[in-house]
Structures are given as structure tokens and as C-alpha cells.
Amino acid sequence: SQPITVGQLAKLMHRNSSEIIKFLFMLGNMSTINTTMSDDDVELVCAQFGVECHKEVVIEEDDIEDQLKNIEEDESKLQPRPPVVTIMGHVDHGKTTLLDTIRKTNVIEDEFGGITQHIGAYQVSLHGRKVTFLDTPGHEAFTAMRARGAQVTDIVIIVVAADDGVMPQTKEAVDHAKAAGVPIVVAVNKIDKPGANPDRVMNEMAELGIMPEEWGGDTIFQRISAKTGEGVNDLLETMLLVADMQELKANPDALASGTVIEAKLDKGRGPVATLLVQRGTLHTGDSVVVGTSYGRIRRMTNDKHKEVKKATPSMPVEIIGLSEVPRAGDVFMTYTDYKKAQTIASQRLEKQILKERNASSAMSLEDLARKI
Ligand code: GTP
Ligand code: MG
């Protein structure tokens, strides 16, 4: 088996190295953070901290996402669910302003320098129907967030400022939407501005293969002013029509599963995650697993920071109660019992430890080869 240091193992187990050093000391082994551990010591430490660490574990690819895709849905249990709509586009083209206008809020004022730096998840009622919106950052640094936004969505609204035209992150948004196979609606924004040139936007989008309906293509372009509200209602009606064509459904009675939209460590509350429920209903007290993180949901709040006891399909909720900060984009799953959730998370951790041990040994061999 491959060598691993106390520090590496501690990191993988999300423990402080001093805990492991202390434990080894009690066994009569003096060690430091850089001490290479014997296989037996690794096993003892894993056992002590509740992680199973057999040497013969077969490393297989994590198949949780496939599990999710391969669920055979019983048609009779499916019920309509709200569409998830992701707003994308180049920086400053007006995404957050559009959402503020739709929600009649003013999020943009709270943003640092008016630049969105995280994914906002909101649920809005339109003509008595719920719609979930994800607001993504347009700044070039946040490609991963945009890709994630495109992957969990049913529709992408690409906002293009008519006074600026198609820009690098507009192109990127088109690529993400195409890669995810989601329909695009184009919002040609800022038409209230003197320098607005909507025709130019249509030309430039057509060059990217996004052909306007009025030119015989299949993409709807809606001219709007996110600021004055002009055209926004038409945009929303269009968006609802596109959603209706998809006949979006989910089984609300299943054990909940979905995707982590965002996650962070909060000083007072511990790991906090925004989850998008995609199947089933999530309840306070449910046992969930995300990657190697697990826990019982202690508290859930909706996008208005109100506490809720359950979250149905397409609903975004912020939760606390996880053992560690999960990775954004990972799938979460609910289990009927806590022990099962804990076991699954620790098996994953075990696999991860073995994988990294193999990777680190491969690296050291390479280093060695370089030195020779
Ligand atoms: P990032 O999240 O940083 O990518 O930006 P964003 O796309 O969310 O743009 P945001 O909504 O923050 O708007 C950028 C600027 O454009 C703000 O000053 C808005 O007031 C302005 N703006 C947005 N929409 C319109 C519009 O329709 N007309 C005019 N005149 N200004 C607009
Ligand atoms: Mg924004």
C-alpha cells in the first residue's frame, strides 16, 4: 500500500493533525505532521475516528450522479414542478437588475461594487405559477458558477446589453447552454439607452448560431429595459411558454435529492449550503449525504430567509446541519436513516483517502524519475 503522512491523513479526514499525533502518542508512537504512517497505524487511526480504512477497498468511480439519472420514475407519481431559469450574460449587462425588476427587490444595491459574486437563487410567483431563478455572475472569473447554473436549469435567459453587444461572457453563456442542451431565450437589454442597437445584438447572436425566430430560427429575442421594466412581462410570458413545452415534472413524494448551488463555512452556524431540490421533498430532520459531507438538516430557510419545514421540487433552500462544507455542484441525497447516511459518507471518505494515497505515490515516483 502507499505511504501517507499524518498531515495528509488529517486533511483527508477533516481532522486536526494534533488529534492524530495525540492518538498515536497514546499508542506509544512519536510522530509529527510529516511522519509517514504504517498501514497498521492508518487503520488504527481510521478506526478511532470512525472511518473504515481497509486495504482491499476497490476504488470505483463515485456513481451517485448516475444513480440519480438512472432512477426509474413511476409516471403516475410525477407532478408538474416549477421551471428553473438561469440568467446569464456578460458582466454589467443587467442580469441582477432584471431579477430585481421581476422580484420587485433591490439586491444590486447590496452587492459589492454592483458586481455579482455568487449564485443567487430565488423563487417568484408569476401569474400564480412559481418559477425558480438563478442569478449568475457575469465577471470572467466565475466560469465554474456559470457552468453549474447551466447544468441544473431548464431554461437559460441570456441577457445582452444592446449598447454593448455580444461580449466574451455572452459567448461563454451560449456555450454553457448548448453544452447543457437547454433552450435559450435572449433578453436584449438596455433598449432605453441612447446608444442601444438591438439589431446588432441579433446579428452577433446569429453569428454564434443563435438564430432569431423572425429570421427563421428558433430562438426568441425579447427587447427589454430591465431598468424601466419595458418588455419584461413579455419576456416572462415567453419564458413560461418555453417552460410549458418541456412539461417539467418530478415526484414530490420520493426521498429528496438535488444539487448544491453554493456552500460556505459560516462562523456561527458552521457549514451552510444552498440546495436546489430536484426530486422528492426535503424536510427538516432529514439525513442527507453530499460527497463526503453528511448530517441531519437542523434548519432550512427559503430565499426570503424565512424558516421552512419542507422544500418541494425546484425549490432552493439554505440548510445547516452538515458535517463539513460540501462542494458546489455536487449531488445531495436523502436517506431514511442517519446511520446509513453516515456510513455512505465515511465509505466515500475512505475511497478518497485511498485514491489520494495512490495519487501521491504516483507523484513521488515521478519526482524520483526527474531527479535521476
Ligand atoms: P454582474 O452580475 O456583475 O455580471 O452584472 P449584472 O449583469 O448583474 O448587471 P447589473 O444588473 O448589476 O447592472 C449593471 C448596470 O447596468 C447597473 O448600473 C444597472 O443600473 C444598469 N442597467 C441594467 N439594466 C439596465 C437597463 O435596462 N437600462 C439602463 N439604462 N441601465 C441598466
Ligand atoms: Mg449581477
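Atoms within each ligand, like the ligands themselves, are counted from 1 in listed order. Please read these numbers as outputs of a predicted model, since none were measured by experiment. Quick note: residue numbers are just sequence positions, from 1.
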Using 4.0 Å as the upper bound for N to carboxylate O, is an ion pair formed by [Y] and [X]?
| X | Y | value |
| --- | --- | --- |
| D337 | K340 | no |
| D163 | K193 | yes |
| E204 | K171 | no |
| R223 | D199 | yes |
| R129 | D244 | yes |

Under 4.0 Å to a heavy atom of H93 - the qualifying atoms of ligand 1, by number: 7 (O), 9 (O)
Under 4.0 Å to a heavy atom of I115 - the qualifying atoms of ligand 1, by number: 3 (O)
Crowding at CD, E75 (>12 non-hydrogen neighbours, <6.0 Å): no
Over 12 non-hydrogen atoms of neighbours within 6.0 angstrom of NZ in K310: no
Among T101, I87, T116, closest by any non-hydrogen atom to atom 2 (O) of ligand 1: T116
Protein residue, atom and distance nearest to [atom], heavy-atom basis:
| atom | result |
| --- | --- |
| atom 16 (O) of ligand 1 | K190 NZ, 3.0 Å |
| atom 31 (N) of ligand 1 | K227 CD, 3.6 Å |
| atom 28 (N) of ligand 1 | D192 OD1, 2.7 Å |
| atom 5 (O) of ligand 1 | D92 N, 3.1 Å |
| atom 20 (O) of ligand 1 | T97 OG1, 4.2 Å |
| atom 17 (C) of ligand 1 | I108 CD1, 4.0 Å |

Protein heavy atom under 4.0 Å of atom 7 (O) of ligand 1: yes
T96 contact mode with ligand 1 (heavy-atom cut-off under 4.0 Å): both
Ligand 1-proximal atoms of K95, by part, heavy-atom distance under 4.0 Å: both
Would [X] count as a polar contact of ligand 1, with the cut-off being nitrogen or oxygen pairs under 3.5 Å?
| X | answer |
| --- | --- |
| G94 | yes |
| G138 | yes |
| A226 | yes |

Donor-acceptor under 3.5 Å (Q342 side chain, Y294 main chain): no
Lys NZ or Arg CZ of R103 over Y122 ring: under 6.0 Å, within 45°: yes
